[in-house]
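Predicted model, so just to flag it, every value in this text is computed and none were measured. The chains referred to below are lettered A, B, ... by the order of the sequence lines, with proteins before strands, and numbering in each begins at 1.
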There are 2 protein chains.
Amino acid sequence: MARLPVYLRALVALAERGIATCSSEELAAAAGVNSSKLRKDLSYLGSYGTRGVGYDVEYLRYQIAREIGVTEDLPVVIVGIGNLGHALANYSGFTTRGFRIVALLDSDPDRVDEEVGGLAIRGHDDLERIVREENVAIGIIATPAAAAQAVCDRLVAAGVTSILNFAPAVLSVPPGVDVRKVDLSIELQILAYHEQRKALVQPIEGGVTA
Amino acid sequence: MARLPVYLRALVALAERGIATCSSEELAAAAGVNSSKLRKDLSYLGSYGTRGVGYDVEYLRYQIAREIGVTEDLPVVIVGIGNLGHALANYSGFTTRGFRIVALLDSDPDRVDEEVGGLAIRGHDDLERIVREENVAIGIIATPAAAAQAVCDRLVAAGVTSILNFAPAVLSVPPGVDVRKVDLSIELQILAYHEQRKALVQPIEGGVTA
DNA sequence: ACGATTTTGTTCTCACGTTCACAAGCTCCT
DNA sequence: AGGAGCTTGTGAACGTGAGAACAAAATCGT
């Protein structure tokens, strides 16, 4: 399920605060979900809790990490080192949460060998070799929309089977390849939509909708 | 619905390619959804199509933009100008798609007056004033997780009613305030999960799962 | 002017995910 | 040792969203 990483993050946060055990209510609150949903999700992995007591934070943390498959670092490449690629390369959250950035790729020859976040930018020519040599299964696309599909095709051909796409483009991939899309302006537009509805409803009803 | 912005983007792309009219099948393919779903979504807005012909791209584009509420630019503030905040401030997708970044805020006094993306960074002291003067309804939080809730509280108190949160923290807000969360490492972990399942299943079944 | 064709708008069915509610089980206190 | 009090795990109802199928309507050709 897509909520396991959220639970994992909440567990890490609890562990950092020195909390050794927690109930489903507490963990659900930390993760921002319903406690029933949380228990059902966790029961899908197995019975890792103790009735009357709760869950052992450290134990559950490891079990979820194992289920997700981030017990050891997974190699990742980032393609497109523009503003966003820069930020991603410097983002500490990747490296501390089960991922290892093995290469930064950019099509601009002038940028090759430039260092970002302690890693030198490589040209697109090296894409296939790096993916094969490092056994990279996950690629991050942070190129302009026009280049996204071509980059995607090359990544998939080289052996990448999961893609995180920041480019505002719909990627078509063969079966067996997963794509997740993060579109920043679409997120904002969704907020704008709710915003507009609030602006329309509130003056009439005279209050916020609980 | 959360898919309207996707349709809008697809329509803009079609318009840029000089396509004046399109069927639900074509638009659905461009948006990456089912044509039935698309038609149902659009019918919720009204009958903007013509049977036997399809949809007028330009007309539908305006209608969706109006529905979302991005016909004129909405003011937005970005709080936390680290790596990610930098990228967001420079991201052209916001400004070209119905939003106007009116302020960049950072807690670090040394960064104040530094210019990013043509806008000077302001200190947190100016938060309330800017939000009120510019009538800002949407705030973007790109701070570290530890600062996110405090920033969120200040934004909400100043009048912001929609928040896009990039910090890896669960924000609690009063009723009537919308929060959308974008967590980059969670997206990667979701891919890792699918990746692991592929690695487990494929060697046994001997092929990709269609 | 009329029918064939295309495409929308809508209805119906189905499956999934969420939530409530309760039984099973563990701990602690007496 | 035995019961009271929690807390997990799960079974059942509910609501929501997705997909297929069909009817209404507009154009085009004859």
If every non-hydrogen atom of [X] is compared with every non-hydrogen atom of [Y], which pair is closest and at what distance?
X: A:Leu184; Y: B:Tyr91; result: CB-CE2, 3.9 Å
X: B:Gly176; Y: A:Lys198; result: O-NZ, 3.0 Å
X: A:Glu134; Y: A:Pro75; result: O-CG, 3.6 Å
X: A:Asp106; Y: A:Gly80; result: OD2-C, 3.7 Å
X: B:Arg97; Y: B:Val12; result: NH1-CG1, 4.1 Å
X: B:Ala148; Y: B:Ala167; result: CB-CB, 3.6 Å

Roughly how many Å is it from [atom1] in [X] to [atom2] in [N], rounded to a whole number?
X: A:Leu42; N: D:dT7; atom1: CG; atom2: P; result: 16 Å
X: B:Leu45; N: C:dG9; atom1: CG; atom2: C1'; result: 13 Å
X: B:Leu60; N: C:dT8; atom1: CG; atom2: C1'; result: 12 Å
X: B:Glu25; N: D:dA20; atom1: CD; atom2: P; result: 11 Å

Is any side-chain heavy atom of [Y] closer than 4.5 Å to one of [X]?
X: A:Ser172; Y: A:Val170; answer: no
X: A:Leu60; Y: A:Tyr7; answer: no
X: B:Leu155; Y: B:Val77; answer: yes
X: A:Ile64; Y: A:Leu42; answer: yes

Original post:
Under 4.0 Å between a side-chain N or O of A:Ser24 and OP1 or OP2 of D:dT8?
Top reply: yes
Subject >> B:Tyr44 vs D:dG17: side-chain N/O to OP1/OP2 distance below 4.0 Å >> reply: no
Subject >> Side chain of B:Thr50 (C-beta onward), nearest among C:dG9, D:dA26, D:dT7 >> reply: D:dA26
**OP:** Return yes if a side-chain donor-acceptor contact under 3.5 Å exists between A:Tyr62 and A:Arg66, otherwise no.
**Re:** no
Write out a two-atom table: protein N or O, nucleotide N or O from nucleotides 14-21 of chain C, distance below 3.5 Å.
unit_1: C:dT18; atom_1: OP1; unit_2: A:Arg3; atom_2: NH1; d: 2.9
unit_1: C:dT18; atom_1: OP2; unit_2: A:Arg3; atom_2: NH2; d: 3.2
unit_1: C:dT19; atom_1: O4; unit_2: A:Lys40; atom_2: NZ; d: 2.8

Distances for protein N or O near nucleotides 1-3 of chain C N or O, under 3.5 Å:
none

Original post:
At under 4.0 Å between heavy atoms, what does B:Tyr48 touch on the DNA or RNA strands: base, sugar-phosphate, or nothing?
Top reply: sugar-phosphate
Distances under 3.5 Å between protein N/O atoms and the N/O atoms of nucleotides 23-25 of chain D, please, pair by pair.
unit_1: D:dA24; atom_1: N3; unit_2: B:Arg51; atom_2: NH1; d: 2.7

